[in-house]
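First comes the structure, then the notes that go with it.
Atoms considered below: every heavy atom in the structure, side chains included; atoms not considered: hydrogens, waters and symmetry mates. Residue numbers begin at 1 in each chain, while the letters A, B, ... track the order of the sequences.
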Amino acid sequence: MVLVFERLLVSNTKINAKNISLRQIFDAVPRLDVKSILSMEPIGQELIIHGWVRNFRSNRFIALNDGSSINNFQLVIDFEKFPEEVIKRISVGSCIKATGKLNPSLGAVQKSELVVDTLDILGDSDPALYPLQPKKHSLEFLRDIAHLRFRTNTFSAIFRIRHAVAFAIHQFFNDRGFFYLHSPIITASDAEGAGETFQVTTLNLDKIPRTEEGEIDYKKDFFSRPSNLTVSGQLEAELAALALSKVYTFGPTFRAENSNTPRHLAEFWMIEPEVAFNDLNDNMDLAEDMLKYVIQYILSNCSEDLKFLNDRDQEEQKQKPQQERNEFSLLEKLDFCLKNNFERISYTEAIEILKNSNPNKKGKFQYPVEKWGTDLQSEHERYLVEKHFKKPVILYNYPKEIKAFYMRQNIDNTTVAAMDILFPGIGEIVGGSQREERLEKLESRMKEMHRPIQEMYWYLDTRRYGTCPHAGFGLGFERLILFVTGMSNIRDVIPFPRYPGNAEF
RNA sequence: GCCUCUUUAGCUCAGUUGGUUAGAGCGUCGGACUGUUAAUCCGCAGGUCCUUGGUUCGAGCCCAAGAAGGGGCGCCA
C-alpha cells in the first residue's frame, strides 16, 4: 500500500486529487485524461490513457484526443516493436488504450509525450469509410454528420463552452438566492400566445374519436383535453415567484413555427428568471449582470477553447470581403461587452434616432421608419446595435399594441414596461418585462387581446391574492452560445438541432 | 412561408460559346522514407455531373418541374 501511494505521489505531482478515482489509487498504474496529463511535469511516470486517434504520422506519432481538452496529446510508438497488423489499425477515428511512460518531448510543439509500452485497439475505424479527415470540413457537411461532429476541434470546443455557460448560469442564480424551478414541458393551454405549438396526443390519428357533433373528442385523449409542448415557462415561473420571491427556469422550449433562419430552432433552451418586487430597472440590471457574469466565467474557465474559436473566426474573416468583416475578434468582442455598460434607450428614443439616421433619410431601409408605434424590423435593430451604438442595446417602454398582454402598462397609457436586449450579430437575445400585477388592468388587457380569462383563473389568482410588483425575462440559451462562441448558425451550437423538416439523430 | 444563390470524386472546389475520353488539391489504397506537427516523395484507384422530363445530331453546361443545402426576410428567444 505504501508503495502504491508513493508511486501515486510521484506520478501525480501537480494533479488535483479530485481527478483521480478511489479505484485508481488501488490500481498500479493511474488512468488519466489528456487535460490532466498536459498539466503534469514529465518525469517518466507510468500511466494509462484512452482516447480517439486524431492523426497518425510517420508510423510513429499518434495525436490523441479524449475531449477533456481542445489539445491533443502525443503518443510515440516504436513501430518495429509492434506487429504490423496493430499499426495498420491505428487510423483516424479509431479508439485506443495505451500504457507507457510520460517523458519530455523531443518535438518543438509539445512539452510531453507518452512513450508507449502496450497498445490496445478498443475500436477500429475503417479509414476508407470514416468521413472525418485531418483537414478543414465545412460546417454544412458536419451538420449532416452531427453524430460524429463532436469529434472535431470546433464542435468539442463549442460543447465544452455550452456546458460552462449552463453551469455559470446556475451558479449566478444560486449565488443570488434564486431557486431553480422546473416548469412543465407539457401544458394544457397556449396561454401566452407565444407561438405555434406542437400538439401532444395519444389519440390514434388513423381513427380519431369524434363527439356527436363531429368534433375531435379530447375527453378520450390522455389528459382529457388538448395539450401541447410548452412555448414558455414564464407564467408558471410567475406563480412560484409570488411565493419564493426569486426563481428561474432553465429548460427546453418548443415552437412549431416554420422559421428557417440561422437564429431559430423548433426545440431550444430558455432561461426565465422571475423576481418578486423587481421593477423594470431591476430587471434590466439583472439581465445585464447575468450576461456579464457568464462572459467573465467562460473567459476565466474556457480560455483555450475560446482562443481556438477566436483564431478559427479570424481565419474565416480573412476569406470575406473587407466590408463584411467583423470589426472585433471574438475575444475583443467579449472583452468589450464586459467592460462597457449596455446602452439603455426607450422605444421612443430609438424611433427618433432611426428617423434621423442616414440610411432612413437616404431610403436605404427596406422598411422606412415613419411613425411611432410600429414594430422595429431586424434591419433597424442591427443599425442601432452595430452602427449607431456599436454595443449591446436595451430597448424599453414599447407601445402596448405590439407587446404581450401580461406586460405592465405605464402611466402614459400607451406604452408597457417591456425590455429587449439586442446583441450585435444576433439580434434579440433577451425579451422581458415588468408584469402587470393589477387585476383590473390585466383582465381588461386580456379581454382586448382575446385571451381566455376563465381558463387562466390560476394566473389571475396571483393578482387576486397578495399580488405584488414583479418582473422577469426570457434568455435564449442558444443565442447566448452563438454570441460567446462567435458561431453564426444556431444549428451549430446545439448538439442535435430540430428545425422544419429535420429531426435526424 | 417569401426572395435569392448553390448542388460535379469520400471532402473542398474548377470545368471556356453546347462538341470526342469530365479535372485539381486534400483524403483513401499501394510503395519509399522514418522524431513527425494537417510530415514528405512516387504511383494506382475513385464519377447516377442532385432527380425527373424536355430542346438538340450532340447536354455537366440551355429550358421546365421537383428535392436538398446556404444566405436574406417574416414569426421570435
What's the closest nucleotide to the [X] side chain, out of [options]?
X: A:Asn59; options: B:G35, B:G74, B:U34; value: B:U34
X: A:Pro262; options: B:G71, B:U34, B:A77; value: B:G71
X: A:Glu257; options: B:C26, B:G69, B:C75; value: B:C75
X: A:Phe141; options: B:U12, B:C73, B:G69; value: B:U12
X: A:Gln133; options: B:C75, B:C26, B:G1; value: B:C26
X: A:Leu106; options: B:G35, B:C76, B:U36; value: B:G35
X: A:Arg255; options: B:G35, B:A77, B:G30; value: B:A77

Which part of the nucleic acid, if any, lies within reach of [X] when heavy atoms closer than 4.0 Å are counted: base, sugar-phosphate only, or nothing?
X: A:Asn489; answer: sugar-phosphate
X: A:Val430; answer: sugar-phosphate
X: A:Gly107; answer: base
X: A:Ile429; answer: sugar-phosphate
X: A:Phe483; answer: nothing
X: A:Gln74; answer: base
X: A:Arg491; answer: sugar-phosphate
X: A:Leu132; answer: nothing
X: A:Pro127; answer: sugar-phosphate
X: A:Ala63; answer: nothing
X: A:Thr253; answer: nothing

Pairwise [atom1] distance, [M] and [N] [rounded to whole Å]:
N: B:U48; M: B:U7; atom1: C1'; answer: 14 Å
N: B:C50; M: B:A67; atom1: C1'; answer: 8 Å
N: B:C13; M: B:U6; atom1: C1'; answer: 13 Å
N: B:G18; M: B:A32; atom1: C1'; answer: 46 Å
N: B:U21; M: B:G15; atom1: C1'; answer: 15 Å
N: B:U28; M: B:U40; atom1: P; answer: 11 Å

Look only at the side chain of A:Ser58 and the backbone of A:Arg60, and say whether a donor-acceptor pair between them is shorter than 3.5 Å.
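Side chain of A:Ser58 to backbone of A:Arg60, a donor-acceptor pair under 3.5 Å: no, none is there.
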Want to settle it: does A:Glu140 or A:Asn55 sit nearer the 5' end of RNA chain B, counting the closest nucleotide to each?
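Its nucleotide being nearer the 5' end, the pick is A:Asn55.
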Dot-bracket encoding per residue of RNA chain B, Watson-Crick/G-U cut-off under 3.5 Å, | denoting interstrand
(((((((..((((.....[...))))..((((.......))))......(((((..]....))))))))))))....
Under 4.0 Å from any atom of RNA chain B, heavy atoms only: list the residues of residues 371-384 of chain A that qualify, in numerical order.
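Heavy-atom contacts with RNA chain B come from A:Gln377, A:Ser378, A:Arg382.
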Verify the distance criterion only: is there a donor paired with an acceptor across the side chains of [X] and [Y] at less than 3.5 Å?
X: A:Gln317; Y: A:Asp313; answer: yes
X: A:Tyr367; Y: A:Glu379; answer: no
X: A:Thr99; Y: A:Thr118; answer: yes
X: A:Gln234; Y: A:Tyr406; answer: yes

When only distance counts, do a donor and an acceptor, one from the side chain of [X] and one from the base of [N], lie under 3.5 Å apart?
X: A:His137; N: B:C11; answer: no
X: A:Arg479; N: B:C76; answer: yes
X: A:Glu113; N: B:G35; answer: yes

Verify the stacking flag for A:Phe477 against B:A77: centroid separation must be under 5.5 angstrom and the ring planes must differ by under 30 degrees.
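So no, this residue does not stack on that base, at least one cut-off failing.
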Straight-line distance of A:Lys111 NZ to A:Gln74 CD, nearest 0.5 Å
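The distance works out to 14.5 Å.
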Nearest 0.5 angstrom please: A:Asp420 CG to A:Ser433 OG, how far?
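Here the interatomic distance stands at 9.5 Å.
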